[in-house]
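Basis for what follows: all heavy atoms, side chains included, without hydrogens, waters or symmetry-related copies. All residue numbers refer to positions in the sequence shown, counting from 1. Remember, predicted model here, so these are calculated numbers, not experimental data.
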Amino acid sequence: MARSSSPDSVTGFVNLSKPAGMTSSDAVCIVRGVLSRAIGGRQKTGHLGTLDPLATGVLPIALGKATALFDFLAFKTKRYVAEFTFGTATDTLDRGGKTVRDGGRIPSAEEIAAVLARFTGEFMQTPPAYSAKSVNGRRAYSYARSGEAVELAPKLVRVDSFELIGGGEGVYEFAIECGGGTYIRSLARDVAEALGTCAYMSALTRTKSGPFTAESAVTPDEFRLAPEKHIIPAEFALGGLKKITLDENSLKRVLNGIPAAAADVAEGEYAAVYDAHGTLAGLGLRAARGLVIKVRLQDGKQ
């Protein structure tokens, strides 16, 4: 791994498999620490969508200039396997919270399957009280922990598929594919309420986040042993986009904030590349005024 005086000397991604009991911030700190020691400087890092401490699975961590792709990647489609336990509710909506209701009715698998269609497509969802949503400059969970009541505004979410895949006797397993920002804990609450009972999320595994999958994810220990082996190039995240190749003049223009001519290219987003190796310049946007770099992954050139 090359050393540099630049704190952003490593750019790309790590597809981390987060274990239960670890916060997403802890996972980021592990990756940052390993790489900072390797490069001899502070490594810039950031995760692409929080996983609750009790949850496991795919947690993509962006490195260096790739952290600028957060807005592009954070709300990509995610897949989960979730377990809901019916008949009991907790204040956090998951198994880590305090029981606030018990003895609720246990619905049958047939009853549950019949209401899942109500929670597919786009709909308004109220986030959990114990969440990282910002309310008047404070995280919602800080209000909840201090016993202060706070009203969280419903937000538009998207669930592409919601399938009952197993379980029984009050504990059921679901496969869920949804847009970023969807709270699986809230789905447990809302499905139960639709059936006249209560539930909490008792287990959760994220199996996919955008292009990152469980099959290619590495554990923190695997990453510590050979970090250079597990760094994914930034190009991987834009693999689903069409490429537009820039000549030297166009490259200089867009990297310095000047639109480049692209009359023969349809409007939309592109992976902007250059040179014979197809090196990634950034996320490009073809708009009415020409091609601009929406997210720059290379330094400006004079």
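- Listed here is the closest heavy atom pair of V191 and L116: CG2-CD2, 4.2 Å.
- In this structure, N256 contributes its side chain and I258 its backbone to no donor-acceptor pair below 3.5 Å.
- I184 is listed as a side-chain neighbour of Y80, based on a closest heavy-atom distance under 4.5 Å.
- For the pair D94 (side chain) and G96 (backbone), a donor-acceptor distance under 3.5 Å is present.
- A heavy-atom distance below 4.5 Å is not found between the side chains of P60 and H47.
- Of the possible polar contacts, one joining the T197 side chain to the R105 backbone as a donor-acceptor pair under 3.5 Å is found.
- A heavy-atom distance below 4.5 Å is not found between the side chains of T126 and K155.
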Sequence neighbours left out, cut at 3.5 Å: what donor-acceptor pairs do the side chains of residues 156-170 make with other protein atoms?
residue, atom, partner, partner atom, Å
R158, NE, D160, OD1, 2.8
R158, NE, D160, OD2, 3.4
R158, NH2, T77, OG1, 3.0
R158, NH2, D160, OD2, 3.0

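- For K208 and F212, the positive end is not near the middle of the six-membered ring at less than 6.0 Å and at most 45° from its axis.
- Between R185 and D52 there is a salt bridge, with a side-chain nitrogen of the basic residue lying less than 4.0 Å from a carboxylate oxygen of the acidic one.
- L54 and F86 sit in two unconnected hydrophobic clusters of ILVMFWY residues. Membership requires side-chain heavy atoms under 4.5 Å apart, directly or through other members.
- Comment: R253 does not engage E248 in a salt bridge, judged by the lack of any side-chain N to carboxylate O separation of less than 4.0 angstrom.
- In this structure, the side chains of Q125 and Y183 come closer than 4.5 Å at one or more pairs of heavy atoms.
- Looking at heavy atoms from C-beta onward, V10 lies in side-chain contact with I231 at the 4.5 angstrom threshold.
- Checking D190 against S186 by side-chain atom types alone, no donor-acceptor pair falls below 3.5 Å.
- Side-chain atoms of K18 come within 3.5 Å of backbone atoms of A55 as a donor-acceptor pair (strictly under, hydrogens ignored).
- The distance from the CZ atom of F84 to the CD1 atom of I112 is 9.5 Å, given to the nearest 0.5 Å.
- Side-chain atoms of Y200 and T99, non-hydrogen and from C-beta on, never get closer than 4.5 Å to each other.
- The backbone N or O of A62 sits nowhere less than 3.5 Å from a side-chain atom of K44 that would complete a donor-acceptor pair.
- When all heavy atoms are compared, the tightest approach of P227 to L35 is CB-CD2, 4.1 Å.
- Side chain of R296 to main chain of L255: a donor-acceptor pair is present (N/O by atom type, distance under 3.5 Å, no hydrogens or angles).
- Within the 4.5 Å cutoff, the side chain of L238 has heavy atoms near those of the L69 side chain.
- Hydrophobic clustering keeps V292 apart from V265 (ILVMFWY residues linked when any side-chain heavy atoms are closer than 4.5 Å, directly or through intermediates).
- Across all non-hydrogen atoms, the minimal contact from T50 to R206 is O-NH1, 3.9 Å.
- No side-chain donor-acceptor contact under 3.5 Å links R42 to the backbone of G33.
- The two residues G57 and T205 make their nearest non-hydrogen contact at CA-CG2, 4.3 Å.
- Remark: the backbone N or O of A117 is paired with a side-chain donor or acceptor of T120 at under 3.5 angstrom.
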Contacts table for residues 171-182: side-chain donor-acceptor under 3.5 angstrom, sequence neighbours left out:
residue, atom, partner, partner atom, Å
Y172, OH, P107, O, 3.2
Y172, OH, A109, N, 3.4
E177, OE1, R79, NE, 2.6
T182, OG1, G179, O, 2.9

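- Remark: the backbone N or O of L283 is not paired with any side-chain donor or acceptor of E269 at under 3.5 angstrom.
- At distances below 3.5 Å, not a single donor-acceptor pair connects side-chain atoms of S202 with backbone N or O atoms of R95.
- Between the CD atom of E111 and the CD1 atom of I106 there is a distance of 10.5 Å, given to the nearest 0.5 Å.
- Counting heavy atoms from C-beta on, the side chains of N15 and I232 come closer than 4.5 Å.
- Rounded to the nearest 0.5 angstrom, E267 CD and L291 CG are separated by 11.5 Å.
- Cluster annotation: V58 and L16 are assigned to distinct hydrophobic clusters (Ile/Leu/Val/Met/Phe/Trp/Tyr, side-chain heavy-atom contacts under 4.5 Å, transitive).
- Residues A192 and C198 approach most closely at CB-C, 3.4 Å, considering heavy atoms.
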